[in-house]
Number of protein chains: 2
Amino acid sequence: MLNEQSLLSLPGYALRRAANATAADLTARLDRIGIRLVDATVLMLIADNPGTTSSAVGKVLDIQRANMVPLLKRLEDAGLIEREPIDRKSQGIAVTAGGKARLAEVRRVIAEFEAELIERVPQRHRDHLLPALNALWR
Amino acid sequence: MLNEQSLLSLPGYALRRAANATAADLTARLDRIGIRLVDATVLMLIADNPGTTSSAVGKVLDIQRANMVPLLKRLEDAGLIEREPIDRKSQGIAVTAGGKARLAEVRRVIAEFEAELIERVPQRHRDHLLPALNALWR
DNA sequence: TATTGTTATACTCTATAACTATA
DNA sequence: TATAGTTATAGAGTATAACAATA
């Protein structure tokens with residue numbers, strides 16, 4: 001339809017379009033099992049770091065402290081995480097048994113998504129994608 | 001701080017983080033010359049497709065028709081684009097002289113941004129990034 | 001009948017400021 | 001004095017529905 005060539009030659013543009021398209025795809029897949037992409041990401045991070053705090057999670061994922069509140073409340077209300085005091089100021093977060101079951105579903109969906117994602121990349125480029133991407137933001 | 005390993009091994013996660021980080025960077029750079037990232041993108045697309053329509057631009061960039069209205073109004077109010085009727089239903093969009101001057105600035109900023117972006121990618125991965133990304137969404 | 005451009009509005013996501021309590 | 005958790009709210013960005021006019 002339109003000439004999009006000068007945009008398509010820009011890695012930054014391709015990066016945004018690819019991220020938007022794939023995030024929309026994964027969001028739709030996770031919606032089918034009733035969980036949001038951010039929530040699933042937080043859940044995975046907590047599972048690998050039992051006893052971590054809201055602040056620590058927020059720092060790693062670049063989520064503001066204030067925005068962690070309703071997010072963790074959702075996970076707690078859904079019975080996926082539980083909190084217990086570390087001291088009188090902080091509280092440690094852990095994934096519940098129910099959360100682990102849900103996490104198994106999440107991991108299945110994500111594994112399938114990631115497999116189909118990487119399959120779309122021509123073989124000779126495949127192994128370069130992850131290191132190239134991580135070099136861009138880490 | 002936290003163990004982020006299982007997330008970092010997911011191309012989809014790395015893709016989102018890389019896109020968010022680089023988009024924030026470019027947004028800040030373009031802000032210094034007083035233009036938004038979306039507006040700059042639309043301006044580039046119109047420049048390469050003089051006489052195109054609002055609908056056509058929206059379709060290529062996945063922007064809803066309704067959201068094109070205030071966007072094009074901004075560009076028009078800034079004197080960067082002009083519209084003239086194609087028939088009594090559609091109108092063709094073109095970049096004005098002032099728009100072309102602004103576009104030169106935009107291209108300079110973006111070229112610098114893209115150069116620094118690709119420099120962060122280890123050399124052996126560099127040539128693989130663009131084709132891998134475009135394979136993901138095109 | 002489908003498309004263009006538009007208006008108005010709802011919704012989601014994120015950012016900011018301020019506050020309390022505790023390390 | 002800095003940090004953790006929280007509340008309330010503002011703002012930006014996007015989505016949805018409806019409309020008139022024209023192809």
Side-chain angles (χ1 to χ4, degrees), chain A residues 1-2 16-17 19-28 30-31 34-42 45-46 49-77 81-94 137, chain B residues 1-2 16-17 19-28 30-31 34-42 45-46 49 51-77 81-94:
Chain A
M1 182 147 29
L2 290 191
R16 289 191 299 281
R17 297 305 302 261
N20 289 345
T22 57
D25 178 9
L26 180 53
T27 295
L30 287 173
D31 186 58
I35 192 168
R36 300 184 192 200
L37 176 49
V38 211
D39 292 13
T41 309
V42 167
L45 192 59
I46 295 172
N49 299 274
T52 187
T53 65
S54 174
S55 295
V57 170
K59 274 171 193 157
V60 170
L61 299 181
D62 280 316
I63 301 173
Q64 307 281 336
R65 275 197 324 287
N67 296 329
M68 286 298 298
V69 176
L71 195 163
L72 291 180
K73 186 176 184 310
R74 270 198 307 272
L75 292 177
E76 195 173 37
D77 289 349
I81 61 164
E82 58 192 354
R83 294 184 256 199
E84 64 172 324
I86 294 176
D87 48 34
R88 277 182 301 182
K89 188 176 160 190
S90 307
Q91 39 195 340
I93 314 172
W137 70 279
Chain B
M1 182 142 37
L2 289 192
R16 290 192 298 280
R17 296 305 300 262
N20 288 344
T22 57
D25 178 9
L26 181 54
T27 296
L30 289 172
D31 186 58
I35 192 168
R36 300 185 194 199
L37 176 49
V38 210
D39 292 12
T41 308
V42 167
L45 191 60
I46 295 171
N49 299 275
T52 186
T53 64
S54 175
S55 295
V57 170
K59 274 170 194 157
V60 170
L61 299 181
D62 281 316
I63 299 173
Q64 306 281 336
R65 274 198 326 286
N67 295 328
M68 286 298 298
V69 177
L71 196 163
L72 291 179
K73 186 176 185 310
R74 271 198 305 275
L75 293 176
E76 194 172 40
D77 289 349
I81 62 164
E82 60 192 354
R83 295 183 255 199
E84 65 172 321
I86 294 176
D87 48 35
R88 277 182 300 181
K89 185 176 161 191
S90 307
Q91 39 196 340
I93 315 173

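Quick note on labels: first sequence line is chain A, next is B, and so on, each numbered from 1. The structure presented is a predicted model; accordingly, all values stated were derived computationally and were not measured. Side-chain atoms are counted along with the backbone in the values below, which use heavy atoms only and exclude waters and symmetry mates.
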Give, for atom [atom1] of [X] and atom [atom2] of [Y], the distance between the pair rounded to the nearest 0.5 Å.
X	Y	atom1	atom2	result
B/Met1	A/Thr52	CE	OG1	8.0 Å
B/Leu61	B/Leu45	CG	CG	5.0 Å
A/Ser55	A/Arg65	OG	CZ	6.5 Å
A/Asn67	A/Asp62	CG	CG	12.0 Å
A/Leu75	A/Arg36	CG	CZ	10.0 Å

Among [options], the one nearest [X] by side-chain distance:
X	options	answer
A/Arg36	C/dC13, D/dG13, D/dT14	C/dC13
B/Ser54	C/dA23, C/dG5, D/dT6	C/dG5
B/Ser55	C/dT4, D/dT3, D/dT6	C/dT4
A/Asn67	C/dT14, C/dT22, C/dA2	C/dT14
B/Arg65	D/dT6, C/dA21, C/dT4	C/dT4
A/Ala66	D/dA8, C/dG5, C/dA2	D/dA8
B/Val69	D/dA23, D/dA4, C/dT6	C/dT6
B/Ser90	D/dT6, D/dA4, C/dG5	C/dG5

Nearest-Å distance, [atom1] ([X]) to [atom2] ([N])?
X	N	atom1	atom2	value
A/Arg16	D/dG13	CZ	P	14 Å
B/Leu72	C/dT7	CG	P	12 Å
A/Lys89	C/dT22	NZ	P	10 Å
A/Glu84	D/dG5	CD	P	13 Å
A/Ile63	D/dT6	CD1	C1'	16 Å
B/Ile93	C/dG5	CD1	C1'	11 Å
A/Met68	C/dT16	CE	P	18 Å
A/Leu61	C/dC13	CG	P	16 Å

Verify the contact: side-chain N or O of [X] to OP1 or OP2 of [N], cut-off strictly under 4.0 Å; return yes or no.
X	N	value
B/Lys59	C/dT3	no
A/Gln91	D/dT6	yes
A/Arg83	D/dT6	yes

What does B/Lys73 touch in the nucleic acid at a heavy-atom separation under 4.0 angstrom: a base, only the sugar-phosphate, or nothing?
->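 Here B/Lys73 touches no strand at all.
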Could you say whether A/Asp87 or A/Gln64 is positioned toward the 5' end of DNA chain C, judged by the nucleotide with the nearest heavy atom to each?
->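 Its nearest nucleotide being more 5', the pick is A/Gln64.
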For A/Arg17 and B/Val60, which heavy atoms make the closest approach, and how far apart are they?
->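 Shortest heavy-atom contact: NH1-O, 3.2 Å.
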